[in-house]
Amino acid sequence: MALSGLDIYKLLPKTNCKDCGFSTCLAFAMALAQKKTSLEKCPHITASARQALESASQPPIKLVTIGLGSQKLEIGNESVMYRHEQKFHHPAAIGFLVEDTLPDSDIDTALADIKKLDFERVGQRIAANIVCVRNTSGDRDRFAAAVKRIAVGAGLCLALEGSDHSVMAEAVKLVKDRRPLVICGAGGDLSEFIAIVKGSNLPLAVTCQTLEDAVQMTESAKKAGVEEIVINLNEKEMSKKIQGITYARRAALKKNFRALGYPVLTFTSMTEPLLELAEAVSYVLKYAGIVIMKNRTKEVVFPLLTVRQDIYQDPQKPVQVESRIYEIGKVTKDSPVAVTTNFSITYFTVAGEVEASKVPTYIICCDAEGMSVLTAWAAEKFTAETIAAMLKKSGIESIVSHKKVIIPGYVSVLSGKLEEVSGWKVLVGPREASGIPNYLRNLK
Ligand code: SF4
């Protein structure tokens, strides 16, 4: 079980020397329990206390790195069961299965499809992360050729899956510089796979039917010196798999049970596209570190990437756009000026509707700490005074030839005061963004 601040305090020197940067040993202990500092900051700790405290200073779920450079993917290192407790740190990787039995032309088609799964939403890039090459053929040369082809064409992280260690060893050699995840498939000889990854210090995924198997396998791998491990839970039934992943997460976080303190990899089993989407979404929501799918159509993958983006958004920091003037279309000095908040979803919704209106417009995003219009108004972050200040600060007065500003319909109550404090004529826009095109087209 994770140590509490008081448990940690009992093991500290209790001299309050402040060398760690905290005013007391108790303050340091509390910070360490919350993982806000590291044990190394106290230079006076005894060796026995250090050993006892090691578990308190390590993340309960190991951080695993796959790939390098711009393709680097980090999974794990999570610290809470529920997003509202803090935030989820490393988004689940989403990838696609490519079997080596496919003809080369089909592999190329798959890679071309996967490359298209790269989108922008609310100002952020959301994309697939990994391609998993499976040795279904059992043939060494065919697998090596497929891995090579995919490594060249994918531009994403790689995972290699197979049960025959000699076939896998050859393929891993070809792409070890890309730091692939090596998946010891069902029935694979774990000790041989450990030898494969240890030579190149690669991450290893162990395939297991039950969590009991997972414990044995991760402990064996750890004992043999493998640090970065992923658990591939090979349970066919979706509900049981979710149960297993949840149990592993709970055991790692609540009981500090190290043998299950690794990210979990899942393959989807459904074949019907929408059912596979529902399955993959469930895994993303329920703690999977990597989800490997078969379907790679935009209709299925985009909603999944959207769910992942939302779940891994820090709930305490709404996604924001920069507080400034945005030009939509070919604006002139006569173009309308509209104000809104800097909540990303609000801005992009408004911008999309303005674009649809085909009326070039200036949108001024006021800094409302990323809140939506009504929330910001209720929190007094989007007031007549803040809007007036933003109109002034943005310099819009020297850009347009008029002094008319459109405010969202939901905050029409601000119009009188805003006219008074800004000197601008206030026009009340529609309450819903969907009314913007009609409103702008009919604006006199
Ligand atoms: Fe206590 Fe160690 Fe910090 Fe000194 S450096 S105050 S002994 S925790």
Side-chain angles (χ1 to χ4, degrees), residues 66-73 92-119 126-188 193 196-197 200 202-205 207 230 232 234 265-273 276-277 279-280 283 290-302 304-305:
I66 303 164
L68 294 166
S70 60
Q71 291 166 3
K72 189 167 86 171
L73 176 62
I94 291 169
F96 304 94
L97 182 65
V98 179
E99 300 191 64
D100 68 348
T101 42
L102 284 179
D104 286 348
S105 58
D106 287 4
I107 290 180
D108 293 343
T109 305
L111 294 178
D113 290 345
I114 292 166
K115 270 188 186 157
K116 290 179 197 151
L117 301 171
D118 195 328
F119 311 91
I126 52 173
N129 313 93
I130 190 164
V131 179
C132 177
V133 197
R134 176 176 281 168
N135 176 223
T136 310
S137 68
D139 183 272
R140 181 183 310 217
D141 294 339
R142 178 61 207 148
F143 188 51
V147 167
K148 226 186 213 168
R149 196 171 194 92
I150 289 166
V152 171
L156 296 178
C157 288
L158 297 171
L160 274 49
E161 191 210 14
S163 303
D164 185 329
H165 58 84
S166 62
V167 172
M168 287 287 284
E170 286 301 311
V172 169
K173 264 189 224 162
L174 297 172
V175 291
K176 65 179 190 322
D177 293 344
R178 297 269 296 265
R179 194 171 167 75
L181 172 67
V182 178
I183 307 173
C184 172
F193 274 82
I196 293 172
V197 297
S200 307
L202 299 176
L204 172 69
T207 300
V230 173
N232 174 21
N234 196 24
L265 159 72
T266 63
F267 287 88
T268 53
S269 52
M270 307 278 185
T271 47
E272 199 280 321
E276 191 186 14
L277 168 61
E279 184 186 9
Y283 296 149
I290 306 177
V291 179
I292 304 288
M293 309 174 67
K294 295 176 284 294
N295 191 301
R296 47 178 195 268
T297 61
K298 282 185 184 176
E299 296 75 15
V300 167
V301 178
F302 183 70
L304 177 62
L305 294 172

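In plain terms, the two heavy atoms of Leu73 and Cys157 that are nearest each other are CB-SG, 3.7 Å. The shortest heavy-atom contact between Lys294 and Met270 is NZ-O, 3.1 Å. Scanning both residues, Ile292 and Leu97, for their nearest heavy atoms gives CG2-N, 3.6 Å. Shown here for Phe143 and Glu161, the closest heavy-atom pair between the two residues is CZ-O, 4.0 Å. Minimum heavy-atom separation, Phe267 to Leu265: CE1-CD2, 4.1 Å. Nearest heavy atoms, Leu156 versus Ala128: CD2-O, 3.5 Å.
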* To do: Start with the C-alpha gap between Arg178 and Leu68, add the side-chain angles, then the distance that decides, and say whether side-chain contact (heavy atoms from CB on, under 4.5 Å) holds.
  => CA-CA 6 Å; Arg178 297 269 296 265; Leu68 294 166; over 6 Å; no
* Let me see the working for Arg134 and Val98 under side-chain contact (heavy atoms from CB on, under 4.5 Å), right down to the final yes or no. => CA-CA 6 Å; Arg134 176 176 281 168; Val98 179; over 6 Å; no
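Between the side chain of Asn129 and the backbone N or O of Gly95 there is no donor-acceptor pair closer than 3.5 Å. For the pair Asp100 (side chain) and Ser137 (backbone), a donor-acceptor distance under 3.5 Å is present. Ser200 places no side-chain N or O within 3.5 Å of a backbone atom of Ile196 that could act as its donor or acceptor partner.
The structure places SG of Cys132 at 9.5 Å from CG of Leu158, a figure rounded to the nearest 0.5 Å. Asp113 contributes atom CG, which lies 10.0 Å from atom NZ of Lys298 (distance to the nearest 0.5 angstrom). One distance of note links CZ of Arg296 with CG of Leu111; it measures 8.5 Å at 0.5 Å rounding. We find the CG-CD1 distance between Leu181 and Ile130 to be 6.0 Å, quoted to the nearest 0.5 Å. Rounded to the nearest 0.5 angstrom, Ile290 CD1 and Ile183 CD1 are separated by 7.0 Å. How far SG of Cys184 is from CG of Asp164: 11.0 Å, rounded to the nearest 0.5 Å.
Checked against salt bridge (charged side-chain N to carboxylate O under 4.0 Å, His left out), Asp108 has the following partners two or more places apart in sequence or in another chain: Arg149. Thr136 is linked by a side-chain hydrogen bond (donor to acceptor under 3.5 Å, both in side chains) to Glu99, counting only residues two or more places apart in sequence or in another chain. Residues that satisfy the salt bridge (charged side-chain N to carboxylate O under 4.0 Å, His left out) test with Asp106, not counting sequence neighbours, are absent from this structure. With sequence neighbours excluded, the residues satisfying side chain to side chain contact (heavy atoms under 4.5 Å, CB included) with Asn295 are Pro273, Glu276, Thr297, Val300. With sequence neighbours left out, the side chain to side chain contact (heavy atoms under 4.5 Å, CB included) criterion links Asp141 to Asp139. Residues passing the salt bridge (charged side-chain N to carboxylate O under 4.0 Å, His left out) test with Lys72 are Glu74, sequence neighbours excluded.
With no hydrogens or angles considered, no side-chain donor-acceptor pair links Thr207 and Asn234 at under 3.5 Å.
For the pairing with Val172, the side-chain contact (heavy atoms from CB on, under 4.5 Å) check across Val147, Val167, Leu202 returns one residue only, Leu202.
At least one side-chain heavy atom of Phe96 sits less than 4.5 Å from a side-chain heavy atom of Val301.
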